[in-house]
Amino acid sequence: MADGTSAKSKAKSIIFGLFQPATPLEPILDRLRKMDLPEREVELSSTFPMKALPVGVGWRRVQLYHVTLIAGAIGILFGFLLAGGSMAIYPLRTGGKPIVPMPIVGIVSYETMMLFAIVTTFLTTAIKIIRSHRGKVEYDNRIDEGFFGISVWVDRDDPRTGTIQTLFQEFGAVEVEVR
């Protein structure tokens with residue numbers, strides 16, 4: 001299986017187009033969508049946030065708030081079971097009161113919620129960063145100057161390679177590379 005995966009990644013080529021900052025992005029992305037390219041095969045590189053893009057353009061976006069919320073909920077449950085469960089399993093009473101009163105259970109639950117949410121978010125971010133740099137096109141320093149890049153992964157024998165190159169040149173790409 002590992003050989004099949006590496007053979008699959010070797011069979012891909014990357015078409016990279018570097019564009020001026022004033023180049024309209026939307027028509028290029030529309031044309032790429034019409035070529036039936038999978039969304040995961042197209043990536044944008046820019047130093048500017050692209051909030052104005054329509055839904056579905058942000059390929060490979062990380063929804064960290066979902067991860068954080070789920071981890072926080074698991075942390076609350078874990079904290080409640082840890083503090084409240086200990087109180088239920090070992091009912092020691094001092095002066096007629098339980099040793100672990102409910103405010104303590106709340107504090108422990110809050111702390112474990114924060115711990116789970118922060119650690120899980122950090123690990124998810126680190127994994128996404130590591131995965132995002134695998135097999136990528138080398139970073140072009142002109143992107144720091146305001147240019148933006150579009151990378152498209154296609155099979156080496158894909159007939160759309162020439163069409164994508166022509167599309168990038170048609171929209172005024174400063175540079176088009178096939179790797």
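Heavy-atom minimum distance, L167 versus I28: CD2-O, 4.1 Å. When all heavy atoms of D36 and R160 are compared, the closest pair comes out as O-NH1, 3.5 Å. In terms of heavy atoms, M102 sits closest to F80 at CE-CE1, 4.3 Å. When all heavy atoms of S13 and R156 are compared, the closest pair comes out as CB-NH1, 3.7 Å. Considering all non-hydrogen atoms of both residues, S45 and I143 come closest at CB-CD1, 3.6 Å. Nearest heavy-atom pair, T161 versus D158, reported as atom, atom and distance to 0.1 Å: OG1-O, 3.0 Å.
For an aromatic pair to be called close, the ring centres must be under 6.0 Å apart, and F19 with F168 satisfies this.
In this structure, I76 is a member of the same hydrophobic cluster as Y110, with clusters built from ILVMFWY side-chain heavy atoms closer than 4.5 Å. Hydrophobic cluster membership is shared by V178 and M35, with clusters built from Ile, Leu, Val, Met, Phe, Trp and Tyr side chains linked at under 4.5 angstrom. Linking ILVMFWY residues whenever their side-chain heavy atoms come closer than 4.5 Å, directly or via other members, leaves V105 and I107 in distinct clusters. At a threshold of 4.5 Å between side-chain heavy atoms, the hydrophobic network of Ile, Leu, Val, Met, Phe, Trp and Tyr places M113 and L64 in two separate groups. Taking hydrophobic clusters as Ile, Leu, Val, Met, Phe, Trp and Tyr residues chained together by side-chain heavy-atom distances below 4.5 Å, F116 does not share a cluster with M114.
To the nearest 0.5 Å, atoms CD1 (I118) and CG (L123) are separated by 12.0 Å. Atom CZ of F122 and atom CD1 of I127 lie 10.0 Å apart (nearest 0.5 Å). To the nearest 0.5 angstrom, T163 atom OG1 is 14.5 Å from K34 atom NZ.
Side chains of I150 and L32 form a contact here, defined as non-hydrogen atoms less than 4.5 Å apart. Looking at L29 and R33, their side chains come closer than 4.5 Å, going by heavy atoms from C-beta outward.
Environment of CZ in F171: crowded, with over 12 heavy atoms of neighbouring residues, nucleotides or ligands closer than 6.0 Å.
Of the possible donor and acceptor atoms, one in the side chain of T112 sits under 3.5 Å from a partner among the backbone N and O of S109.
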> Are V174 and R142 close enough, and set up right, to give a side-chain contact (heavy atoms from CB on, under 4.5 Å), and what steps lead you there?
Replying inline: CA-CA 10 Å; V174 175; R142 290 176 283 185; 3.9 Å; yes

>> Checking V154 against E41 for the side-chain contact (heavy atoms from CB on, under 4.5 Å) test, could you report, in this order, the C-alpha distance in whole Å, the side-chain angles of both residues, the deciding distance, and whether it holds?
In response: CA-CA 7 Å; V154 293; E41 303 296 334; over 6 Å; no

> Should E177 and I15 be marked as a side-chain contact (heavy atoms from CB on, under 4.5 Å) after you check the CA-CA gap, both sets of side-chain angles, and the distance that decides it?
Replying inline: CA-CA 6 Å; E177 287 183 50; I15 306 167; over 6 Å; no

